[in-house]
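Quick notes on the structure that follows.
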Amino acid sequence: MPPTASHDQIGYWSPNTASVDWCENNYVVSYFIAEFWNTISSLFIVALGELGLYLCPTKERRFKVAFRMISLVGIGSTLFHGTLRHKMQLLDELPMIYAATALLFICIETKNGPQGKWLPHSLAGWLALTTIFVSITGGQIQFYTFQGSFGVLQLAIVYYTTTLHRRQAAVRGRNNNTSFWLISRALGVYTFAVTIWLIDLHLCEFVNGVSPNSVLKWNPQFHAWWHVCSITGVYFTTLLVAYQHY
């Protein structure tokens, strides 16, 4: 958990009960919004999910679910950062796991063909256990359990999408420019997003603009930019998964 800045204030939703408090100073902009810029940037996630759903050329249910899950992540993120309450944190984190699992399901069937009912049932069982464990734990155990689960899903999606890209390139006898463009953009944007997320999490006292050790005169709101950049990477990934599927 990043160190709490001394300029945090008391607000409508105080005290905070979430397992993590990000680097943005709390209740500085509004008495009713704990992390104002993190909350506002979360609305971009909702907008991008709905835009993807509207523009998606296929109305197959799996892709409607994938884009709608992005919107749900944005709604949960808005509630979490607006309140810093534990229950709202779950509405942010659990949809992230559900969204990544939906993409992984599509990737597995794209690579290996339809798997029957065992695959969705297995994934549903895993999601149920993860949901229960993340919901009943707190503090660093809860935080790192979620991060570990989400990280494994992300790595699995990277594996499947890059493997499919190589396989499809081998079949064509040449690289697929569209697939390569989407992969490079998704990995590039998401790598940048993870970098600033780690800075916000672990180096808060050096970048929050108020601590004696801060090397900046103002807080660049790295977590808010993480929202914008990470969901852009997820958007590119969802387009890539749809492209490879068809």
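We count residues from 1, following the sequence as given.
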Listed by chain and number, what are the side-chain contact (heavy atoms from CB on, under 4.5 Å) partners of Leu153, not counting sequence neighbours? Ile97, Ala100, Thr101, Leu104, Trp126

Minimal non-hydrogen separation, [X] against [Y], with atom names:
{"X": "Phe180", "Y": "His165", "value": "N-CE1, 3.7 Å"}
{"X": "Pro120", "Y": "Gly116", "value": "CD-O, 3.2 Å"}
{"X": "Asn38", "Y": "Ala224", "value": "OD1-N, 3.1 Å"}
{"X": "Gly52", "Y": "Tyr235", "value": "CA-CE1, 3.6 Å"}
{"X": "Val20", "Y": "Gln89", "value": "CG1-NE2, 4.0 Å"}
{"X": "Ala66", "Y": "Leu103", "value": "CB-CD2, 4.2 Å"}

Give me the one residue out of Ile141, Leu129, Thr145 that meets side chain to side chain contact (heavy atoms under 4.5 Å, CB included) with Val134. Thr145

Mark yes or no for whether [X], through its side chain, and [Y], through its backbone, hold a donor-acceptor pair below 3.5 Å.
{"X": "Trp197", "Y": "His223", "answer": "no"}
{"X": "Glu35", "Y": "Trp22", "answer": "yes"}
{"X": "Ser30", "Y": "Phe32", "answer": "yes"}
{"X": "Glu109", "Y": "Gln115", "answer": "yes"}
{"X": "Asn208", "Y": "Val210", "answer": "yes"}
{"X": "Arg62", "Y": "Phe105", "answer": "no"}
{"X": "Tyr27", "Y": "Trp13", "answer": "yes"}

How many angstroms lie between atom [atom1] of [X] and atom [atom2] of [Y], to the nearest 0.5 angstrom?
{"X": "Asp200", "Y": "Gln221", "atom1": "CG", "atom2": "CD", "answer": "8.0 Å"}
{"X": "Leu90", "Y": "Gln142", "atom1": "CG", "atom2": "CD", "answer": "6.0 Å"}
{"X": "Leu119", "Y": "Leu123", "atom1": "CG", "atom2": "CG", "answer": "4.5 Å"}
{"X": "Phe67", "Y": "Leu72", "atom1": "CZ", "atom2": "CG", "answer": "14.0 Å"}
{"X": "Ser71", "Y": "Leu43", "atom1": "OG", "atom2": "CG", "answer": "11.5 Å"}
{"X": "Cys23", "Y": "Asn219", "atom1": "SG", "atom2": "CG", "answer": "5.0 Å"}

How about Ile10: does its CD1 atom have over 12 heavy atoms from other parts shown lying under 6.0 Å from it? no

Should we say atom CZ of Phe192 is surrounded by more than 12 heavy atoms from elsewhere, each under 6.0 Å from it? no

Which pairs with one or both residues in residues 38-63 pass ring pair (Phe, Tyr, Trp, His ring centres under 6.0 Å), sequence neighbours excluded? Phe63-His245, Phe63-Tyr246

Do Thr161 and Gln244 get their side chains close enough for a donor-acceptor pair, meaning under 3.5 Å? no

Tell me yes or no: between the side chains of Thr131 and Tyr98, is some donor less than 3.5 Å from an acceptor? yes

Does a side-chain heavy-atom distance below 4.5 Å link Tyr144 with Thr137? no

Quick one: does Phe36's side chain get under 4.5 Å of Val28's, heavy atoms only? no

Does anything in residues 38-58 pair up under salt bridge (charged side-chain N to carboxylate O under 4.0 Å, His left out), and if so which pairs, sequence neighbours excluded? Glu50-Arg68

Is the Trp181-Phe236 ring centre distance short of 6.0 angstrom? yes

Can you list the steps and then say if Asp21 with Asn26 is a side chain to side chain donor-acceptor pair (under 3.5 Å)? CA-CA 9 Å; Asp21 186 355; Asn26 301 335; 2.9 Å; yes

